[in-house]
Amino acid sequence: MEPASILKAIKRCLPNEPGSPVSLHQPSFSGKEWEYVKECLDSGWVSSVGKYVDEFEERLQVTTGAKYAVAVMNGTAALHLCLQLCGVERDDEVLAPALAFVAVANAISYCNAVPHFVDSEERTLGLDPASLESYLQQFSEIKNGECFNKSSGRRIKALIAVHTFGHPVNLDAVSTVCQRFKLELVEDAAESLGSTYKGKHTGCWGKVSALSFNGNKIITTGGGGAILTQDEGLARQARHLSTTAKQSHSWQYFHDAKGYNYRLPNINAALGCAQLEQLSGFVQQKRELSTRYKNEFDNCSGIKFYQEPEFARSNYWLNALILDEEYSHHLEAILNLCNKEGVMTRPAWSLLNELPMFASCPQAKLPVAESLVKRILNIPSSAILGASNVQA
Ligand SMILES: *Cc1c(COP(=O)(O)O)cnc(C)c1O
């Protein structure tokens with residue numbers, strides 16, 4: 001369990017490219033990206049109307065099995081709209097894992113609602129349904145079919161489940177807690193395109209779900225996101241709100257709600273179509289790389305390679321090593337050494353309840369999240385690193 005031996009083990013899993021730094025996650029553009037984007041430029045349809053937006057949404061539906069997909073500007077905007085579509089209002093509370101990307105808490109606060117942080121479990125790196133259930137039993141009450149926080153008096157309207165690093169949370173158990181406590185389930189599937197839970201795609205379990213196509217995600221549109229839902233009315237509303245809530249009319253500009261300019265431009269959707277054609281290949285390459293990491297770290301003491309939970313088939317978007325408790329003090333030294341030697345690694349996000357703007361938000365006890373955040377090390381994960389023609 002020496003930092004130098006960890007670095008060596010990581011390097012043994014990577015293709016040999018002496019001298020060039022290895023990034024954590026880089027996109028691959030080896031499909032029809034140029035062709036589709038050129039067509040946008042040639043046709044003049046570059047903005048929020050055009051054939052690629054519709055095409056991209058249709059292909060997302062086919063890929064995920066969701067009935068409806070609505071493409072938007074980024075994953076944060078998707079989360080924001082998801083919460084609105086669930087009826088989250090000013091002064092509501094929304095439950096979310098403390099161990100998550102800041103966009104989750106930001107989206108809640110864009111609704112003038114209050115994030116309420118809960119713990120994660122080591123098995124999935126996501127929400128722990130068991131501790132959530134006993135927490136809610138103790139600290140919430142149901143009145144007129146709605147859940148309330150007994151100490152703040154605020155309504156708890158929804159729960160955001162994040163599929164951390166692409167690994168699905170225990171969706172059956174999380175859904176059961178949501179039903180029992182009258183919470184709307186929003187899936188943050190920003191990292192989990194290509195991951196399934198019990199054979200069904202993540203993003204198909206919540207009332208609404210958010211995807212992201214940021215430059216570091218498994219497929220990218222430059223910037224982009226999408227809302228998935230099984231409900232036609234919600235899909236229509238998502239489309240309406242993301243296009244300034246303008247009523248359809250040949251020349252009149254009439255808007256019937258406080259809308260947003262959140263629609264994904266055609267030129268980004270063109271990229272998305274080309275990227276989506278390569279998704280299954282990317283997942284295969286990432287799983288190949290993860291197998292190499294797993295085998296390499298199988299016999300390493302003090303550290304383990306995080307593997308998908310038994311109920312999931314994961315896209316392994318971002319690979320993670322997890323230090324044993326007694327070695328967590330080595331994290332800093334490993335990060336320093338790897339980054340100095342051109343193998344990019346990074347720790348998990350800072351816990352959201354420790355960020356200044358969310359520090360006074362309500363929170364459950366967070367023993368697992370507090371432990372994990374000191375032990376997680378994300379390691380190089382680009383699909384290209386797993387391609388079989390560049391074997392180490
Ligand atoms: C990337 C990401 C988001 C936000 O997506 P953007 O497209 O960057 O706005 C939200 N949640 C999680 C878990 C993410 O990884």
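As a basis for the values below, the full set of heavy atoms in this structure was taken, side chains included, without hydrogen atoms, waters or symmetry mates. When a residue number appears, it is its place in the shown sequence, counting from 1. First listed ligand is number 1; within each ligand, the first listed atom is number 1.
- The cationic group of Lys200 lies under 6.0 Å from the six-membered ring centre of Trp205 and within 45° of the ring axis, placing it in a cation-pi geometry.
- Here's the thing with Val104: none of its N/O atoms is less than 3.5 angstrom from an N/O atom of ligand 1.
- Applying the 4.0 Å criterion to heavy atoms of Ala190 picks out, from ligand 1, the atoms 2 (C), 3 (C), 10 (C), 11 (N), 12 (C), 14 (C).
- The number of heavy atoms from other shown groups lying within 6.0 Å of CD (Glu146) is above 12.
- Of all the heavy atoms of Asn74, the ones lying under 4.0 Å from any atom of ligand 1 are found in both the backbone and the side chain.
- In this structure, of His163, Lys217, His80, the residue bringing a heavy atom nearest to atom 1 (C) of ligand 1 is Lys217.
- At a heavy-atom distance under 4.0 Å, atoms from both the backbone and the side chain of Thr76 approach ligand 1.
- Here OH of Tyr68 is found 9.0 Å from OG1 of Thr229. Values are rounded to the nearest 0.5 Å.
- Ion pair Lys150/Glu141 not flagged as a salt bridge, since none of the NZ, NE, NH1 or NH2 atoms sits closer than 4.0 Å to an Asp/Glu carboxylate oxygen.
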Problem - Full working for side chain to side chain contact (heavy atoms under 4.5 Å, CB included) between Ile156 and Leu183 - result: CA-CA 7 Å; Ile156 307 178; Leu183 305 169; 3.7 Å; yes
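- Gly75 N, 3.4 Å is the protein heavy atom nearest to atom 6 (P) of ligand 1.
- Near Phe101, meaning under 4.0 Å from any of its heavy atoms, are these atoms of ligand 1: 2 (C), 3 (C), 10 (C), 12 (C), 14 (C).
- Using a 4.0 angstrom heavy-atom cutoff, Ala78 does not count as in contact with ligand 1.
- The protein non-hydrogen atom at the shortest distance from atom 15 (O) of ligand 1 is Glu191 OE2, 2.5 Å.
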Problem - Verdict with reasoning, Glu33 to Gln275, per side chain to side chain donor-acceptor pair (under 3.5 Å) - result: CA-CA 7 Å; Glu33 286 85 356; Gln275 287 270 288; 2.8 Å; yes
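- Aromatic ring centres of Tyr135 and His116 lie closer together than 6.0 Å.
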Handout entry: Intermediate values then yes/no, side chain to side chain donor-acceptor pair (under 3.5 Å), Tyr52 and Asn268
Key = CA-CA 8 Å; Tyr52 282 113; Asn268 300 81; over 6 Å; no
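- Of all atoms in ligand 1, listed by their number and element, those nearer than 4.0 Å to a heavy atom of Gly224 are 7 (O).
- At under 3.5 Å, a nitrogen or oxygen of Ser212, whether backbone or side chain, sits near a nitrogen or oxygen of ligand 1.
- The Val162 neighbourhood of ligand 1 comprises atoms 13 (C), with distances under 4.0 Å to a heavy atom of that residue.
- Ion pairing between Glu325 and Lys374 fails under the 4.0 Å rule for side-chain N and carboxylate O.
- Taking atom 11 (N) of ligand 1 as the reference point, the nearest protein heavy-atom neighbour is Asp188 OD2, 2.7 Å.
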